[in-house]
Amino acid sequence: MKQKLLIAQAVQGSRSALESLVRQYYDAIYNYIFQRVRSRETAEDLTQDVFMRLTANISSYRPVSSFSAFLYRIARNRVIDYYRTHKEAEELTETAVSGYDRPQADETLFVQEMLRQLSPEQRECILLYYFHDLTYKEIAQTLQIAVPTAKSRVRRGLAYCRKWMEEAK
């Protein structure tokens with residue numbers, strides 16, 4: 001209930017409500033973008049841009065879709081725009097996981113390699129479902145696909161991950 005009130009206030013122009021929403025979602029949006037671009041600096045820049053766009057477009061939000069789906073859609077579109085202007089894809093490097101201890105870094109690299117094996121559509125759905133806790137409905141709204149399609153992509157992606165892990169043993 002508090003969330004809906006904050007959103008309604010932000011839509012009506014409350015700066016403090018908007019700032020609360022930014023604080024609430026900043027880390028999740030940053031992590032989502034970082035998983036896509038693999039550069040801390042680029043992720044910070046794109047995250048800032050997402051929230052600038054949110055600030056400029058908050059009045060266009062309609063509660064037909066969830067607020068998180070609205071925000072993740074802005075983030076996804078910003079990442080797509082980034083890759084359109086930067087044709088080269090950045091690869092995961094050791095520096096991307098340098099903040100972790102060695103076993104955790106190895107585990108992170110393993111998960112990243114497993115996710116790279118998925119189709120881009122499956123990877124996107126898996127990231128949104130398991131790493132960002134979006135519901136199937138929110139994933140469908142974010143990606144502008146049908147709910148059964150979102151479920152199918154998660155289910156098939158997860159099945160592929162299980163198979164890949166068994167083969168990696």
Side-chain angles (χ1 to χ4, degrees), residues 1-86 89-90 92 96-97 99-100 104 108 111-112 115 118-158 161:
M1 187 65 169
K2 184 179 178 184
Q3 173 83 7
K4 289 183 181 181
L5 180 61
L6 265 179
I7 294 166
Q9 290 172 341
V11 169
Q12 293 173 356
S14 169
R15 187 158 185 84
S16 64
L18 184 60
E19 288 172 2
S20 292
L21 289 170
V22 169
R23 280 192 302 276
Q24 184 178 353
Y25 284 97
Y26 190 90
D27 289 342
I29 295 299
Y30 169 83
N31 289 331
Y32 169 76
I33 292 172
F34 178 77
Q35 288 171 332
R36 302 289 306 278
V37 299
R38 291 282 153 224
S39 162
R40 286 191 169 108
E41 186 176 292
T42 302
E44 288 171 4
D45 290 345
L46 293 178
T47 302
Q48 285 286 36
D49 192 41
V50 166
F51 286 105
M52 286 174 43
R53 288 176 188 221
L54 173 66
T55 301
N57 297 308
I58 188 70
S59 62
S60 70
Y61 171 72
R62 299 291 175 257
V64 174
S65 65
S66 76
F67 182 75
S68 60
F70 176 74
L71 193 53
Y72 276 96
R73 187 172 325 130
I74 294 171
R76 180 175 185 267
N77 288 341
R78 189 57 197 103
V79 169
I80 290 169
D81 291 345
Y82 169 78
Y83 277 114
R84 281 187 187 135
T85 59
H86 298 84
E90 298 180 24
L92 177 63
V97 292
Y100 300 111
Q104 189 175 5
T108 301
V111 170
Q112 291 300 324
L115 291 173
L118 299 173
S119 72
E121 295 83 8
Q122 289 173 338
R123 182 173 40 253
E124 184 82 15
C125 289
I126 292 280
L127 288 173
L128 290 171
Y129 187 79
Y130 287 104
F131 292 85
H132 299 282
D133 298 322
L134 267 64
T135 64
Y136 292 122
K137 183 178 179 182
E138 290 170 329
I139 293 169
Q141 291 168 342
T142 299
L143 302 179
Q144 299 176 323
I145 58 176
V147 173
T149 302
K151 286 180 182 179
S152 173
R153 288 179 183 176
V154 169
R155 191 172 41 252
R156 288 182 180 152
L158 189 58
C161 288

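Predicted model, so just to flag it, every value in this text is computed and none were measured.
Atom OG of S66 and atom CG of L134 lie 6.5 Å apart (nearest 0.5 Å). Going from atom CD of Q122 over to atom CZ of R153 covers 8.5 Å, rounded to the nearest 0.5 Å. Taken from CD1 in I29 to CG in L54, the straight-line distance is 9.0 Å, to the nearest 0.5 Å. Distance check, rounded to the nearest 0.5 Å: CZ of F51 to CD1 of I58 gives 10.5 Å. A distance of 12.5 Å separates OG1 in T47 from CE in M52, rounded to the nearest 0.5 Å. The distance from the CG atom of L46 to the CD1 atom of I74 is 13.5 Å, given to the nearest 0.5 Å.
Side-chain atoms of Y72 and L128, non-hydrogen and from C-beta on, do get closer than 4.5 Å to each other.
With sequence neighbours excluded, the residues that form a side-chain hydrogen bond (donor to acceptor under 3.5 Å, both in side chains) with Q24 are Q3. Qualifying side-chain contact (heavy atoms from CB on, under 4.5 Å) partners for L158, counting only residues two or more places apart in sequence or in other chains: I126, Y130, R162. Among residues two or more places apart in sequence or in another chain, the salt bridge (charged side-chain N to carboxylate O under 4.0 Å, His left out) test is passed with D45 by none. The ring pair (Phe, Tyr, Trp, His ring centres under 6.0 Å) test applied to Y61 returns F67, F70, not counting sequence neighbours. With sequence neighbours excluded, the residues that form a salt bridge (charged side-chain N to carboxylate O under 4.0 Å, His left out) with R78 are D49. For A146, the side-chain contact (heavy atoms from CB on, under 4.5 Å) partners two or more places apart in sequence, or in a different chain, are P148, T149. With sequence neighbours left out, E124 forms a salt bridge (charged side-chain N to carboxylate O under 4.0 Å, His left out) with R36, R76. Listed by chain and number, the residues in a side-chain hydrogen bond (donor to acceptor under 3.5 Å, both in side chains) with R156 are S152 (sequence neighbours excluded). Every residue two or more places apart in sequence or in another chain that forms a side-chain hydrogen bond (donor to acceptor under 3.5 Å, both in side chains) with Q35 is listed here: H132.
The backbone N or O of L115 lies less than 3.5 Å from a partner atom in the side chain of R123, making a donor-acceptor pair. A donor-acceptor pair under 3.5 Å is absent between the side-chain atoms of T42 and the main chain of S39, judged by distance alone.
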Donor-acceptor contacts, no H, no angles, side chain residues 10-22, under 3.5 Å, sequence neighbours left out:
unit_1 : atom_1 : unit_2 : atom_2 : d
S14    : OG     : S16    : OG     : 3.3
S14    : OG     : A17    : N      : 3.2
S20    : OG     : S16    : O      : 3.1
S20    : OG     : R23    : NH2    : 3.3

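Residues A150 and I139 approach most closely at CB-CG2, 3.8 Å, considering heavy atoms. The two atoms that bring I145 and C125 nearest to each other are CD1-SG, 4.4 Å, heavy atoms only. Nearest approach of G157 to L118, heavy atoms of both residues: O-CD2, 3.5 Å.
Sorted by first and then second residue, the salt bridge (Lys or Arg N to Asp or Glu O under 4.0 Å) pairs with a member in residues 126-145 form an empty list; sequence neighbours excluded. Among pairs with a residue in residues 57-69, none fulfils salt bridge (Lys or Arg N to Asp or Glu O under 4.0 Å), at least two apart in sequence or across chains.
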